[in-house]
Each structure stands twice: as structure tokens, then as C-alpha cells.
Amino acid sequence: MHILGLHHVTAIAADAQKNIDFYTGGLGLRLVKLTVNFDDPGSYHLYYGDELGRPGSIVTFFVWPGAVAGRIGTSQVTTIAFSVPPRSLDYWSHRVADIGIDVVGPFERMGEQVLGFNDPDGLQLELIEPDRHDPREPWIDGTIPPEHAIRGLHSVTISQEHYEQSVPLLTDILGFRRAGSHENRFRYEAAAGGAGTIGDVLSMPGTLPGVLGTGTVHHVAWRIADERQQAAWRDRLNQASLGVTPVRDRLYFRSIYFREPGSVLFEIATDQPGFTADEPRDHLGTELKLPPWLEPLRAQLQRTLPPVELPAARRAWRQGAGHGR
Ligand code: ZN
């Protein structure tokens, strides 16, 4: 039983179109699924990643129009970091500044070059040139030259009032190992190792807890191979009295959820079946997809969800090959 690394990170956004424009146009990720929040079908759930939205490349957003901004603080994932190739950050610092967003860095931290900035909702992001080769293939049909394009997730930063709160769960139960520290940052790496396997715990004594809202992370999901392993993980977490949920069918993966001892919402998600479960690879993210149990609501949802212009349609429109939607 091994955690294979990060599966996805889910955060809250206020405006679907701004979110799509930033993550596809600005950062060059692929919109791999346009769907609704299965637990709250009146709102969008947007998934971005590499060509297929492979586990470890995915960030997702619940879109809550009109919601108040959250507060970044403890008991929260406070930063999502993406991996970019060596010598890319010069390109990226200009790129991000050109779209009107302030950048911090590049600076060195734990032997890696880091560029920090916020997304349009204030969500804290980093681009990191990792200290080891990242073999993952980027989405090459996006807006970023392939030699600079995002390879996938690098890490998440989990802020805790006392970092000891989260560590025993990470090491003794989830099987992470200590992989260094820098000032108040303590790095843990999933047993599988390799790209996209890092959780940094930031010790922030005297800091207020975060409040969920736009610009904050809702939860982080860790990868496991299959449903058989998930059942075993569920037993293990139950034995540790962590209050894990039943298995939920997320259509593109199966999930269980629990709060780690520092109150951050963790998910454990299967690699299968992936985003081609309901549309072919070439068409990922090009239309609203609903799970079978929500199809009866399609007409109603399409009337109430705010219309969005999608990247593929926009590109076709620019080329004069069709009309924007
Ligand atoms: Zn999730």
C-alpha cells in the first residue's frame, strides 16, 4: 500500500470565465473537464491538467459566484506549486508579469528555483524548477512553448499552527518520509518518490486559521492505484479513528475523504478511470459533461450556469474556422 503522490488539488474560484482564461490562456494547462460539482450541481467544477489530466497534473476549481474571499491561514493548504523545466523561470516571470500579475522571485529554496504569484482570486501559486529531472510530458497544444510548459504538480504547502500536528499522520499512516527542511518548512515525500510527490508542512505558530472562500484551497487529493487499495486505505484510516467517508464515485476517479489531525481535508483518489471515461481524448473539456444521475437536470443546469467561452472554441474562432460559443 503506497501513496503514489499528488492526485489533484481543488480550490475555490469566483468567476468561471476568469478562471478558464487564467489556467488555460495564462498558464497553458488543458481544460480537461467542464462539469458541475456533483455535491452541488448548480455550480461548475472545472478540471485542468496535462493532455489527459493525468493524476498528479490536475488542479480543479469549484466556482462559487458571489462568494466572499477566503482567508489564507493555518489548517489549510496555502500554496499549490507546479513543476516547470530547468531555466524556465525567466520566461515565466515575464509571462506572468505580462498578464498583469505581480511575481515574487525567482528565488532559491531547498536547492530549487521558485517563482511565486497569485491567481486572479488570490490563490497562492508557485512555479518550481525541481532539483531532479521531471520526466512528465506537458500539454503541448496550449499557450506555452513546450520547453517551458508546466509538467504537473510539484507540491502542496500545508500550513499548521504547529507542524507536529500533521507529521505523525503523514509518516506513520500515509508512509511519507522526511525530505529536508528550510526555516519553518518541513518537506515530506510520498513513499513512491519522483515527480509530484511532495507535501511541505509550514509551521506557523500564532497564525489564525484559514477560512474557506474564493482564493483558498478546499482539499488536496493523494493518488493510489485502484479500488482494492482504496478499500484497504479506508480500513487503515478507520482503525486510526480518522472519520473517513464512504467511497464516492467521482466518475473520473473514486474518492474517500478525511480530515487530517490539523483539520486539512485530505482525499485519497484512484488513478482510474480518468477523464476519458465520458469523452474522447481529443474532445476533453469541450462541452458540459454530467454524470448519468444528473443528466435529467441538464436543461435546467444549462439555463442557470453562467455561459463560458471555452479555449478550443476560441482558438477555432480566431482561425475563422467556426464561431465562439
Ligand atoms: Zn477532490
Side-chain angles (χ1 to χ4, degrees), residues 3-13 16 19 23 29-41 43-50 52-64 67 70 75-82 119 121 123 125 152-158 169 174 190 196-199 210 212-227 229-230 233-234 237 242-260 262-275 277-278 284-285 289-291 293-294:
I3 299 284
L4 301 175
L6 289 158
H7 188 288
H8 65 266
V9 188
T10 295
I12 313 296
N19 190 257
Y23 284 93
L29 299 177
R30 185 179 193 188
L31 178 69
V32 291
K33 197 65 63 182
L34 175 71
T35 184
V36 296
N37 182 343
F38 293 178
D39 298 329
D40 176 19
S43 61
Y44 280 122
H45 192 181
L46 307 171
Y47 289 83
Y48 306 92
D50 66 10
L52 289 171
R54 290 177 182 88
S57 76
I58 311 160
V59 285
T60 98
F61 291 85
F62 297 143
V63 183
W64 295 354
S75 297
Q76 228 180 20
V77 170
T78 47
T79 304
I80 303 171
F82 297 98
D119 88 351
D121 285 297
L123 180 66
L125 303 177
L153 292 167
H154 172 282
S155 55
V156 289
T157 299
I158 298 165
L169 170 88
L174 299 184
T197 59
I198 293 171
L212 188 66
T214 59
T216 62
V217 171
H218 188 274
H219 64 269
V220 55
W222 304 100
R223 287 173 62 192
I224 43 130
D226 55 32
E227 290 173 67
Q229 289 225 356
Q230 189 170 52
W233 274 108
R234 197 165 174 275
L237 294 165
L242 282 160
V244 63
T245 66
V247 176
R248 305 251 166 88
D249 181 4
R250 297 316 192 189
L251 208 59
Y252 315 111
F253 42 86
R254 308 277 180 274
S255 299
I256 56 176
Y257 302 83
F258 64 100
R259 285 202 184 268
E260 56 82 51
S263 289
V264 177
L265 186 59
F266 276 13
E267 172 181 350
I268 292 183
T270 58
D271 275 7
Q272 300 298 328
F275 293 99
D278 62 353
L284 293 178
K289 301 305 290 187
L290 296 173
W293 63 91
L294 291 176

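One-based numbering along the sequence shown. Counting starts at 1 for both ligands and their atoms, in listed order.
Among heteroatoms of the N, O or S kind in Glu267, OE1 lies nearest the Zn ion (ligand 1). When you scan the N, O or S atoms of His8 for the one nearest the Zn ion (ligand 1), you land on NE2.
For Phe253 and His7, the ring centers sit closer than 6.0 Å to each other. Ring centers of His218 and Phe62: under 6.0 Å apart, within the cut-off.
One side chain, Thr10 or Thr60, offers a donor N or O that lies under 3.5 Å from an acceptor on the other.
Among the atoms of His219, an N, O or S atom is found under 2.8 Å from the Zn ion (ligand 1).
The structure places OH of Tyr257 at 3.5 Å from CD of Glu267, a figure rounded to the nearest 0.5 Å.
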